Amino acid sequence: MEIREAVSKHRARGLILAGVAVFFGLWCVLSYASLVPDVILPSPTEVLQAFPRLHFEEALVRSAGWSLYRVTMGFVLAAVVAIPLGLLMGTFPPVKLFCAPVLDPLRFLPISALVPLTIVWFGIEEKQKIVFLFMGTVVYLLPLVVEAVENVDDVFLQTATTLGATRSQIVGQVLIPGSLPAIGEALRVMNGIGWTYVILAEVINAPYGLGALINVAGKRSHVDQIFALVLVILLIGVVTDQIIRFVNQRLFFWKS
Amino acid sequence: MARQLTPFGRLLLVVCGLGLIGYGLYKYGVLDRLARVVAPDRKQEGTVSKDDFGPVGTGSTAPAASKAAIGGGSRLARPIKVAIVTWGGYAGGIVANNGFAPTKDSLFFKDQGIQVELLVIDDFAKSRDAFRAGGDKGGVDIMWSTVDAYALEYGGLRKLNPKAIIQYDWSRGGDAIAVTSSIKAVADLKGKSLACAEATPSHYFALYVLTQGGLTNRDVDWKFTDSAVEAANLFKAGKVEAAVSWSPDVYIAARERAGAHILASTKEASNLIADIFVARGDFLEEHPEDARRFVAGWLKGVDLANANPDKTAALLAKSFSGIGLEDAKGMLQDVKLPTYAENRAFFDPQASLASYQTIFKSAQGIWRRIGKIKDVFEPYQALDTRFLEGAAEFFADAAPAKPEFEFKAPPKPAAAAILTKTVSVYFPTGSATLDENAKAVLDTQVVDLAATFGSAYLRVAGNTDNVGSRDANVRLSRARADAVTQFLVSKGFDRNKFEVVGHGPDKPLATNDSDEGRAKNRRTDFEVIPR
């Protein structure tokens with residue numbers, strides 16, 4: 001292996017498959033050979049067998065739909081707030097200095113402490129869940145957007161200034177296009193954050209939701225169902241990640 | 001003239017086409033059918049009503065195998081690890097262990113030669129994770145449960161072959177329903193929002209109280225939370241009209257919300273929520289002698305705790321973090337610590353009232369009906385009484401279990417009832433004699449109610465329709481209520497627990513103008529009155 005060597009598409013595919021196979025093989029060996037008791041690590045067969053019950057009796061697909069809706073809404077809200085604010089902060093240092101003392105520490109916020117607060121402020125219906133996911137996402141997204149704007153090379157700014165560009169032209173034609181690919185990448189990474197909070201978001205009054213299903217399965221000691229539900233979340237995560245990746249490539253073609 | 005479509009035009013056409021097809025599919029129900037296959041809704045909950053609680057038969061006795069004496073196995077070389085929560089019911093064990101940490105300065109070590117470590121794991125699911133891991137792998141050997149919750153989770157834990165081994169307390173006020181000022185009795189909860197942690201003792205308590213008060217599980221708007229504390233917080237924040245939670249959170253919430261009060265608690269429903277310890281099957285098999293000594297030591301601790309409440313409260317306050325002396329005293333008042341004899345009576349397979357067997361079976365039926373579990377098990381499968389029986393030598397001079405509640409005087413006539421269970425007890429015209437049918441109805445509908453609300457008074461109120469003279473009807477309804485009461489007393493209840501009232505035709509539930517209405521009005525009401 002060379003440092004930062006280029007990997008061909010063919011080989012890349014092989015490596016990915018091999019990684020999955022090794023992981024899956026390890027799971028099979030540990031569970032089927034009973035090296036780990038099945039109440040701790042259920043076997044792949046048990047996890048598969050958990051699906052029919054989840055599907056036909058626990059409304060798995062509807063729950064996935066609701067969770068996807070909540071995570072996506074929280075994510076879109078976070079993007080709507082973080083992108084303009086981040087562009088402002090990245091472009092004008094005084095704005096950043098003004099906002100930083102309040103916004104920077106928010107990243108250290110233990111997000112679980114927000115559950116009771118969001119309930120008091122926003123009730124126990126969908127609004128509370130979405131706002132909670134929005135808060136969890138926006139505190140990480142904002143610094144990334146600011147960084148993306150700041151990382152636009154000074155050379156482009158100087159060139160534009162030299163060519164006589166106005167202030168709005170520099171922002172609109174240099175800073176924004178220059179930072180958009182990085183912002184797109186930030187959005188892709190942050191899309192996953194919402195899913196890590198979905199269990200917390202659905203602790204209260206969520207008739208449907210993957211997080212709520214995991215909570216209940218945990219209470220009834222159905223480890224197989226927990227694994228099955230985690231697999232569903234992983235699957236949704238991978239698929240949405242690929243979609244955003246594809247959209248980013250199409251939208252921000254000038255990056256490469 | 002032929003014109004080339006622009007890409008946008010083509011897109012527009014495709015979208016319109018898809019929209020039309022989609023509308024057609026929707027209109028003719030194809031989408032609905034498709035949704036039922038691709039995304040079926042949750043299985044419909046069954047309805048739980050008053051008929052679902054009650055005696056479930058005590059026919060099944062443990063097979064001979066579990067009667068075998070304790071033997072084999074080895075002695076444990078480390079402390080027994082026990083998962084508990086912040087709750088007064090552990091007083092017996094905390095006294096026996098002189099705190100939470102394993103120590104040689106404890107009754108457990110000095111009397112029984114074992115060491116015990118009590119681990120506070122307040123999160124329900126995490127305590128189950130610890131139980132699955134097991135005491136040898138950083139988890140626990142024994143965990144807390146309640147009989148109703150155990151009936152729910154037993155299926156999921158079955159691979160560990162868990163066994164209930166001891167009852168350490170009855171919740172006596174520990175679980176309660178806080179309500180807003182407009183809700184005076186259980187029937188007022190109809191249509192109200194009720195917060196509660198799903199599939200927990202709170203949930204079971206709520207179902208019991210609702211159904212006995214004439215409602216079903218479908219009559220309230222459930223707002224499920226992950227933990228009891230969250231349910232109390234929702235109520236405190238004014239987001240729901242009622243909440244089921246436990247002590248002290250539920251009492252704090254009822255105090256802090258303006259106009260709120262406690263509607264009912266396990267102070268009245270005294271024999272409903274039974275806390276038990278459940279041990280891993282492998283632990284019991286490998287170290288049966290340690291398990292026997294654990295049970296014996298714990299119950300010796302119960303005797304000490306019951307004899308010295310002040311010292312016990314001080315030890316509780318010292319042990320639990322964030323609990324002061326006053327809190328600890330309150331926590332002890334919210335529980336009843338059953339003695340050795342009471343434990344034996346509770347697990348007796350022949351016991352018919354408010355015992356391990358009856359609660360397990362009732363609870364299992366309820367959970368199954370609302371779709372929380374699928375498979376059912378016999379109560380004895382989840383139980384092992386050998387350790388309790390084997391500890392008899394340490395309690396040779398213990399007094400047998402006595403009736404716990406004394407009713408020195410009948411209830412005050414004007415006392416308000418928290419719930420009224422309406423039962424149709426059939427009498428022949430003009431007669432106040434109970435026939436076999438009527439006795440069977442009382443057996444299934446009322447005996448369990450009277451036993452579960454062990455500490456509360458029961459007002460037995462006879463009602464008639466308006467056929468005949470009022471005076472004769474009042475007399476007759478009173479005589480009938482009296483017959484019902486005599487029957488209940490013959491089942492072993494204190495006569496002073498009951499107040500007999502005859503309303504005659506004065507309190508009709510329905511119109512007396514139709515046969516149906518008159519039939520509804522001929523009834524006996526059982527009003528639960530807190531002491």
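We name chains A, B, ... by the order of the sequence lines, and we start the count at 1 in each one. Treat the numbers as computed from the prediction; the structure is a model and nothing was measured.
Both the backbone and the side chain of B:K372 come within contact range of chain A, with heavy atoms under 4.5 Å apart. Using a 4.5 Å cut-off between heavy atoms, B:A237 contacts chain A through its side chain alone, with no backbone atom that close. Looking at B:F224, the atoms closer than 4.5 Å to chain A (heavy atoms on both sides) all sit in the backbone: N, CA, C or O. At a 4.5 Å heavy-atom cutoff, the contact between A:V216 and chain B is made by side-chain atoms alone. For A:L213, the part lying under 4.5 angstrom from a heavy atom of chain B is the side chain only. Heavy atoms closer than 4.5 Å to chain A are found in the side chain of B:V240, but not in its backbone. For chain A, no part of B:N233 is nearby; none of its heavy atoms comes within less than 4.5 Å.
A donor-acceptor pair under 3.5 Å is absent between the side-chain atoms of A:S31 and the main chain of A:L41, judged by distance alone.
For A:F75, there are no ring-ring contact (aromatic ring centres under 6.0 Å, His included) partners, not counting sequence neighbours.
Both the sub-6.0 Å distance and the 45° axial angle are not jointly satisfied by B:R158 relative to the ring of B:F377.
Taking A:I40, A:I119, A:L60 one by one and counting their heavy-atom pairs under 4.5 Å with chain B, the maximum is reached by A:I119. With respect to chain A, the highest number of heavy-atom pairs below 4.5 Å among B:T200, B:D41, B:T225, B:I373 belongs to B:D41. Note: B:R132 leads B:R132, B:E153, B:R128 in heavy-atom pairs under 4.5 Å with chain A. Counting heavy-atom pairs under 4.5 Å between each of B:V38, B:V37, B:L152 and chain A puts B:V38 at the top.
Shown here for B:V140 and B:R280, the closest heavy-atom pair between the two residues is O-CD, 3.7 Å.
Proximity of the aromatic rings of B:F124 and B:W144 is defined here by a centroid distance below 6.0 angstrom, and this criterion is met.
Between B:E285 and B:K163 there is no salt bridge, since no side-chain N of the basic residue sits under 4.0 Å from a carboxylate O of the acidic one. By the 4.0 Å N-to-carboxylate-O rule, B:D129 lies too far from B:K126 to be salt-bridged with it.
Defined by atom type and a distance below 3.5 Å, a donor-acceptor pair is present between the side-chain atoms of B:N217 and B:E45.
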